[in-house]
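For reference, the structure discussed in these notes is given below.
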Amino acid sequence: MKKIAIIGSTGSIGTQTLDIVRNNKDLKVVALAAGSNVELLEQQAREFLPDIIGIWSEDKAGKLRHALSEFNIRVVSGMEGLIEIAAMSASDILVTAIVGMIGIRPTVEAIKAGKDIALANKETLVTAGHIIMPLAKEHGVKILPVDSEHSAIFQCIHGEESIGNKISRLLITASGGPFRGKDKAYLEHVTVEDALKHPNWSMGKKITIDSATLVNKGLEVIEARWLFDVMPENIEVVIQPQSIIHSMVEFEDGSVKAQLGTPDMKLPIQYALFYPQRRYLAGDRLDFKALSEIIIDKPDRETFKGLDFAYNALEAGGSMPTVFNAANERAVALFLEGRIKFLDIYNIIDACMKNHKVIEHPSLSDIFETEKNVYEYINQMVRR
Ligand code: NAD
Ligand code: MG
C-alpha cells in the first residue's frame, strides 16, 4: 500500500490524482489540503477517510471539525497545517497540486522528512530549484515530475541517464494557447473569458492564463533546467498545437526520443505515483490513422513575451526567477479580477524585473522577501 498526501486536492491536478486513487486499490490517501473549497474537501474526506485534512482559514477548519465530528480526522489550518501534512509520518509521497509559491515551504519540509515528491507545483522549482534539488539529493528523495512536458522528458531519459548517456538538448513542446497566431493589436482587447479558453487542456485558472501568455512555458523552461540539470542554452521550446508530443530529448549522437499520447494529465500523475512502473489507464488512445500530420512550429517570442522573460531571468540568475514568477502570480490575479488588461501582465513582469537588483544564491527567506517586495512594487504601480 502506497500512502499519499495531497496538498491542493480540490483543484484540477488534485481531483485527477484522486481519480487515480479510486482506480488503484493499492493507493491510500492519508492527507488532503485545500485553499477554500470546504464543500469539496468535506466530500473528499468522507470518501477517502484520511488521517488529517487542512484548509487555509482557521474559521473554515472549525466548520470542518464540526461537520466531520463523527470521524477520526484531524483538521488543521494555515501554513502550519500544510507543513504538518507535508511532513506527516504516515505518508510515503506528497503530491504538490497546490498553485503558487505557497507550495515552497511544505515541499521543503516534506523533503526533510524523507518524502518523495510528485511535483505539480512548478512555482517551487522556478523560485527555489537551487535549494530543492540539492536538498532532495541530500535526503535521498525523488522529485517526480507531474507536469506533462517534464514527465515526457523523464520517460524519455529513463534507462539512459543511469548508464551515463548524455542529454544534448531538451525540446519542450507548447500548444501555443488560445491566442496562437494572433498579434499584439488583437491581444489589446482580449477578455478573461477569451484567455480561459485553452484549446487542448482543462486546467486551473492561473495556469490557463499562463498558457495564453506563454509564461507557463517560460516557467517550464526554468523547471526543466533544475529537474534535469540542463543549461538554458540547451533547452528549446517548439509549438506543437495538437498537444500530442509532450516533449522530446536529443542525445549526444543526435537521436531524438519523444513521448506521445492524448492530452490527459492522469497519465503523468499516474507515472509519478508508480514510477518506474506503468499501469493500465483508461482513456482514449492516439489514433495515428486519423492524424494526417503532426504540426511543429516556432514560438512567436516577439508577441508572447513569456519565454524571453524566463530566459532573461535564468541568465540574470539568483533571485530573478522569483521576481518573474511572483510578478506573474500577482499580475495574473489582477487580470482575473478584471483590474488590468491582458498585455499589462507583460508590462508588470517587465517593470518588476527591471526594478530588481539580483541577490545571488538566495536563501528561502531571501526568496520570500523578494516576493514581498515584488507585491509591494506592484501595489504601488496599480494604485497609481
Ligand atoms: P487549481 O487552481 O485547479 O487548484 C489549486 C489547488 O490549490 C486547489 O485545490 C486549491 O484549493 C489549492 N490551494 C490554493 N491555495 C491554497 C492554500 N492557501 N492552502 C491550501 N491549498 C491551496 O490549479 P491546478 O491547475 O490544479 O494547478 C496546480 C499546480 O499544478 C500549479 O502549480 C500548476 O502550474 C501545476 N500544473 C497544473 C496542470 C494542470 O493540468 N492543471 C498541469 C501542469 C502543472
Ligand atoms: Mg505543462
Side-chain angles (χ1 to χ4, degrees), residues 5-19 31-41 43-44 53-58 60-61 64 75-86 94-107 117-127 144-154 172-177 196 198 200-211 214-224 227 237 240 243 245-247 259 263-269 271-272 306 325 328-329 332-333 336:
I6 308 171
I7 53 172
S9 65
T10 57
S12 163
I13 296 289
T15 52
Q16 293 183 85
T17 305
L18 290 173
D19 280 342
L32 298 167
S36 60
N37 191 340
V38 231
E39 294 76 23
L40 183 54
L41 185 60
Q43 212 177 302
Q44 292 176 341
I53 62 171
I55 189 112
W56 191 246
S57 89
E58 177 50 33
K60 287 186 173 170
L64 279 168
V75 183
V76 294
S77 64
M79 182 50 77
E80 243 173 71
L82 278 178
I83 288 175
E84 185 177 340
I85 284 174
L94 175 70
V95 181
T96 63
I98 195 164
V99 58
M101 285 175 69
I102 196 162
I104 300 174
R105 278 191 207 278
T107 308
I117 310 289
L119 184 137
N121 179 252
K122 61 188 76 179
E123 295 87 349
T124 289
L125 279 187
V126 168
T127 55
L144 302 152
V146 167
D147 214 335
S148 58
E149 295 75 6
H150 306 77
S151 175
I153 294 167
F154 198 52
I172 299 182
T173 52
S175 71
L196 284 176
H198 196 281
N200 306 331
W201 298 97
S202 153
M203 310 181 284
K205 282 187 182 172
K206 191 233 168 202
I207 183 174
T208 305
I209 302 300
D210 290 350
S211 300
L214 277 198
V215 164
N216 181 50
K217 217 41 62 175
L219 297 174
E220 291 183 355
V221 167
I222 304 177
E223 190 185 5
L227 271 173
V237 172
Q240 209 287 298
S243 299
I245 303 180
H246 297 306
S247 279
Q259 187 259 332
D264 181 354
M265 282 308 294
K266 286 209 233 4
L267 193 149
I269 298 170
Y271 191 76
N325 182 75
N328 178 63
E329 270 189 44
V332 169
L336 287 169

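Whatever order the structure lists ligands and atoms in, that order sets their numbers, starting from 1. Quick note: numbers below take in every heavy atom, side chains included, and nothing from hydrogens, waters or symmetry partners. All values derive from a computational prediction rather than experimental measurement.
- A donor-acceptor pair is defined here as one N or O able to donate and one able to accept, closer than 3.5 Å; such a pair exists between the side chain of Gln16 and the backbone of Ser12.
- No side-chain donor-acceptor contact under 3.5 Å links Ser77 to the backbone of Ile55.
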Nitrogen or oxygen contacts under 3.5 Å, ligand 1 side and protein side:
from: ligand 1; atom 1: 3 (O); to: Ser12; atom 2: N; distance (Å): 2.9
from: ligand 1; atom 1: 9 (O); to: Gly8; atom 2: O; distance (Å): 3.2
from: ligand 1; atom 1: 9 (O); to: Thr10; atom 2: N; distance (Å): 3.1
from: ligand 1; atom 1: 9 (O); to: Thr10; atom 2: OG1; distance (Å): 2.7
from: ligand 1; atom 1: 9 (O); to: Gly11; atom 2: N; distance (Å): 2.9
from: ligand 1; atom 1: 11 (O); to: Thr10; atom 2: OG1; distance (Å): 3.2
from: ligand 1; atom 1: 11 (O); to: Gly35; atom 2: N; distance (Å): 2.7
from: ligand 1; atom 1: 21 (N); to: Gly35; atom 2: N; distance (Å): 3.0
from: ligand 1; atom 1: 25 (O); to: Gly204; atom 2: N; distance (Å): 2.8
from: ligand 1; atom 1: 26 (O); to: Ser12; atom 2: N; distance (Å): 3.2
from: ligand 1; atom 1: 26 (O); to: Ile13; atom 2: N; distance (Å): 2.9
from: ligand 1; atom 1: 30 (O); to: Ala120; atom 2: O; distance (Å): 3.4
from: ligand 1; atom 1: 32 (O); to: Glu123; atom 2: OE1; distance (Å): 2.7
from: ligand 1; atom 1: 41 (N); to: Ser12; atom 2: OG; distance (Å): 3.1

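- In summary, the side chains of Asn37 and Thr10 do not present any donor paired with an acceptor at a separation below 3.5 Å, with no hydrogens or angles considered.
- Distance alone, capped at 3.5 Å, is enough to place a donor-acceptor pair between the Thr15 side chain and the Gly11 backbone.
- Partner of Met203 under the side chain to side chain contact (heavy atoms under 4.5 Å, CB included) criterion, out of Leu196, Asp210, Thr208, Ile13: Thr208 alone.
- Minimum heavy-atom separation, Gly100 to Asn121: O-ND2, 2.9 Å.
- The number of protein N, O or S atoms lying under 2.8 Å from the Mg ion (ligand 2) is 3.
- Not a single donor-acceptor pair under 3.5 Å links the side chain of Lys217 to the backbone N or O of Gly306.
- Nearest heavy-atom pair, Leu32 versus Leu18, reported as atom, atom and distance to 0.1 Å: CD2-CD2, 4.1 Å.
- Inspection of the Lys122 and Asn216 side chains reveals an N or O donor paired with an N or O acceptor under 3.5 Å.
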